[in-house]
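Below you'll find the structure, written out as structure tokens, and then a few comments.
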2 protein chains.
Amino acid sequence: MTDNRGMRISAKADYAVRAALELASVSDDASLKAEVIAAAQGIPHKFLEGILGDLRRGGLVVSQRGGKGGYRLARPADTIAIADIIRVADGPLVSVRGVRPPELSYVGPAESLLPLWIAVRANVRKILGEVTLADVATAKLPEEVQGLAEDPEAWTNP
Amino acid sequence: MTDNRGMRISAKADYAVRAALELASVSDDASLKAEVIAAAQGIPHKFLEGILGDLRRGGLVVSQRGGKGGYRLARPADTIAIADIIRVADGPLVSVRGVRPPELSYVGPAESLLPLWIAVRANVRKILGEVTLADVATAKLPEEVQGLAEDPEAWTNP
DNA sequence: TGTTTCCCTAGTAAACCGATAGGAAAACTA
DNA sequence: TAGTTTTCCTATCGGTTTACTAGGGAAACA
């Protein structure tokens, strides 16, 4: 009995996506300071600084120091998928017991678990890999995704 | 920079499913001892005991003590979804920053993140909610799931 | 020169993960 | 009734991760 986590998206990944969305929403070659993003999204700013560092090292963001400095996206917002950001912030999208599905091996009646995890991962990848920062920032999700989110049953708890 | 987890299925959930599959694979009203399941699936047996306790409290398994005792499924294997087991062992299937998607609130350009997480969750639910223990134990996954798992690209790493 | 902003390293409290230990309580067997 | 088996319960544990905070150094610009 635990009542917490299953497949979870960490605070770090969530913050990373939100920061990137803030950058995506600003006119093209302008840049935002970490403090501004932190205030806009309610993210602890020193924590965010570390996350922006990850995004920079991951090649998703470029930075500039000094008075007129800040961060901006390294590529157009419609070429950066949500999956790209999560992977840079958090590592592999889906893992089972710490390892990526293809490395697993099951025996006996559990043999078909592997293709099942693979299918789950493929599905998550499909959604998070096709939705871009531009899609979310402009509130124009792909139809297929919009459709899933419109089903009222998708919003119910258990 | 981390190289580890993203959306993960814990060891506990993985073990729980495998134990349930072992129970599903045995002729109907027979029961298996924890030690036998542990040996068959290579799970630390004291750890497994705790997990089986969770499954019992969750109403998925019934137990019997003493000489001819052991565990068996509380319902037919084709009425127990993989999602049922993961939820009993690990809590909610999908969470963001520890909370379930409907409880989140986003502002500004992040507003459409909520429907995105909802869509991801709906998709995971769909797969893990429709695949039953019987499906996996007999290696007969629903066609749609089978299809996803057959795409060679689903098996590649990044 | 001085200010601003990013950048880097360390630390930390709390939770969680994956286990292990030891025994009490049933159920069955002889 | 005694003895065996197995589940059941509680407690503990080392290591890792999570979500932060602190403090200062290094660019860029005025």
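Side chains are part of it too, since the values below use all heavy atoms of this structure and drop only hydrogens, waters and symmetry mates. Labels below follow one simple rule: chain letters A, B, ... track the order of the sequence lines, proteins then strands, and each chain is numbered from 1.
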Would you kindly give the [atom1]-to-[atom2] distance between [X] and [N], to the nearest whole Å?
X	N	atom1	atom2	result
Ile51(B)	dG18(C)	CD1	P	9 Å
Leu52(A)	dC7(C)	CG	P	9 Å
Arg97(A)	dG18(C)	CZ	C1'	11 Å
Tyr15(B)	dC17(C)	OH	P	13 Å
Asp90(B)	dG18(C)	CG	P	8 Å
Asp54(B)	dT7(D)	CG	P	15 Å
Glu35(A)	dC6(C)	CD	P	9 Å
Ile9(A)	dA19(D)	CD1	P	12 Å

Query raised in the report: Going hydrophobic residue to hydrophobic residue with side-chain gaps under 4.5 angstrom, can you get from Leu52(B) over to Val62(B)?
Result: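 No; tracing contacts between hydrophobic side chains, which count when under 4.5 Å, never links both residues.
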Determine yes or no for a side-chain-to-main-chain donor-acceptor pair under 3.5 angstrom, with [X] supplying the side chain and [Y] the backbone.
X	Y	answer
Trp155(B)	Ala149(B)	yes
Thr79(B)	Arg75(B)	no
Asp84(A)	Ala81(A)	yes
Glu49(A)	Ala34(A)	no
Arg8(A)	Val94(B)	no

Query - From CA spacing to verdict: side chain to side chain contact (heavy atoms under 4.5 Å, CB included), Glu130(A), Val145(A) - result: CA-CA 10 Å; Glu130(A) 83 175 352; Val145(A) 176; 3.9 Å; yes
Could I get a table of every N or O pair under 3.5 Å where one atom is in the protein and the other is in nucleotides 3-5 of chain C?
residue : atom : partner  : partner atom : Å
dT5(C)  : OP1  : Lys33(A) : NZ           : 2.3
dT5(C)  : O4'  : Gly66(A) : O            : 3.4

**Report entry** side-chain contact (heavy atoms from CB on, under 4.5 Å), paired with Pro92(B), selected from Arg121(B), Arg87(B), Arg100(B)
**Finding:**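 So the option named by the test is Arg100(B).
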Side-chain N or O of [X] closer than 4.0 Å to phosphate OP1/OP2 of [N]:
X	N	answer
Ser63(B)	dT6(D)	no
Arg8(B)	dT16(D)	no
Arg57(A)	dC8(C)	yes
Arg56(A)	dC8(C)	yes

Between protein and nucleic acid, restricted to nucleotides 21-23 of chain D and to nitrogen or oxygen atoms under 3.5 Å apart, what atom pairs and distances do you find?
residue : atom : partner  : partner atom : Å
dG23(D) : O6   : Lys46(A) : NZ           : 2.5

Query raised in the report: Are the charged groups of Arg97(B) and Asp14(A) less than 4.0 angstrom apart, N to O?
Result: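 Salt bridge between Arg97(B) and Asp14(A), a charged N being under 4.0 Å from a carboxylate O: yes.
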